[in-house]
Engineer: 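Sharing a structure, written as structure tokens. Questions coming.
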Amino acid sequence: DIQMTQSPASLSASLGETVTIECRASEDIYNGLAWYQQKPGKSPQLLIYNANSLHTGVPSRFSGSGSGTQYSLKINSLQSEDVASYFCQQYYNYWTFGGGTKLELK
Amino acid sequence: EVQLVESGGGLVQPGRSLKLSCAASGFTFSNYYMAWVRQAPTKGLEWVASITNSGGSTYYRDSVKGRFTISRDNAKSTLYLQMDSLRSEDTATYYCTRDQTGSAFDYWGQGVMVTVSS
């Protein structure tokens, strides 16, 4: 089974700041990587798929990058509405989620 | 507009069964893989099961294999999850999701709570 290790587990940042969340796969997942945002009390929403493709309607301040086993999600110019938990997911071999990153405002 | 509406959750005793349903609308249901994802209280996301667009192939996480069955009725645009021999560790919110065909989950339902307790 492919394991996904996400870091950090929690993060505190200021409005306007740039934030980066990392995800490491236990083996090469060939860009089969998605990022989701889950706001408190809500369902998860897809942000990024295929490691760097922005899902429909997602603001351009979100971006994804990486390859092989290392991937990252970057949020430019942090907004208050970005306070949420973020999860990575591999879908190269079945489906596995990372443990999540809780993003709060400083 | 894509909509996924789950139903069938509730409180159930350990060892008993429950069947979840997910009514889909706003897209051609038979063109997409579908999946169930769960989230235990205050925990992360956990993939549970997936089914191909025709229903011909199904996939399960090890902890539910032999106990859960995913199925679909394309004529009714409805996804199901039959859960048997339920355990306390199955307690979670269960989400119905649309799969971009063996890849990312691009739409999610609002979720339905399943509590397994005596």
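Bear in mind that the values here come from a model prediction, so they are computed numbers and not experimental data. Within every chain, numbering begins at 1; the chains are lettered A, B, ... in the order of the sequence lines, protein sequences first and strands thereafter.
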Engineer: Out of curiosity, does A:F97 fall in the hydrophobic cluster containing A:I48 (side-chain heavy atoms, cut-off under 4.5 Å, transitive links)?
Structural biologist: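 Result: no, two separate clusters.
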Engineer: Can you pull every donor-acceptor pair closer than 3.5 Å across chain A and chain B?
Structural biologist:
from: A:Y36; atom 1: OH; to: B:F105; atom 2: N; distance (Å): 2.8
from: A:Q38; atom 1: OE1; to: B:Q39; atom 2: NE2; distance (Å): 2.9
from: A:Q38; atom 1: NE2; to: B:Q39; atom 2: OE1; distance (Å): 2.9
from: A:Q38; atom 1: NE2; to: B:Y95; atom 2: OH; distance (Å): 3.4
from: A:S43; atom 1: OG; to: B:G109; atom 2: O; distance (Å): 2.6
from: A:W95; atom 1: NE1; to: B:S103; atom 2: O; distance (Å): 3.3

Engineer: Side chains of residues 13-24 of chain A: which donor-acceptor partners sit under 3.5 Å, not counting sequence neighbours?
Structural biologist:
from: A:E17; atom 1: OE1; to: A:S14; atom 2: N; distance (Å): 2.8
from: A:T18; atom 1: OG1; to: A:N76; atom 2: OD1; distance (Å): 3.4

Engineer: Please check if B:M34 and B:M83 belong to a single hydrophobic cluster, counting links between Ile, Leu, Val, Met, Phe, Trp and Tyr side chain heavy atoms closer than 4.5 Å.
Structural biologist: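 Yes; B:M83 is reachable from B:M34 via cluster members.
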Engineer: Are B:V37 and B:V116 linked, directly or through other ILVMFWY residues, by side chains that come within less than 4.5 angstrom of each other?
Structural biologist: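 They do not share one cluster, since no chain of ILVMFWY contacts under 4.5 Å joins B:V37 to B:V116.
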Engineer: So which residue, A:G32, A:P44, A:G98, ends up with the most heavy-atom pairs under 4.5 Å with chain B?
Structural biologist: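 Between A:G32, A:P44, A:G98, the count favours A:P44.
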Engineer: For B:F105 and A:L46, work out which heavy atoms get closest and say how close.
Structural biologist: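 Heavy atoms only, the tightest pair is O-CB, 3.7 Å.
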Engineer: What residue pairs, at least two apart or across chains, pass salt bridge (Lys or Arg N to Asp or Glu O under 4.0 Å) with a residue in residues 109-118 of chain B?
Structural biologist: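 For residues 109-118 of chain B: none.
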Engineer: In the hydrophobic clustering that connects Ile, Leu, Val, Met, Phe, Trp and Tyr at side-chain heavy-atom distances below 4.5 Å, which members other than B:M113 occupy its cluster, ordered by chain and number?
Structural biologist: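 B:M113 shares its hydrophobic cluster with no other residue.
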Engineer: Find out if a path of hydrophobic residues (ILVMFWY) with successive side-chain heavy-atom gaps under 4.5 Å connects A:F62 to A:L11.
Structural biologist: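 Yes; tracing contacts between hydrophobic side chains, which count when under 4.5 Å, links both residues.
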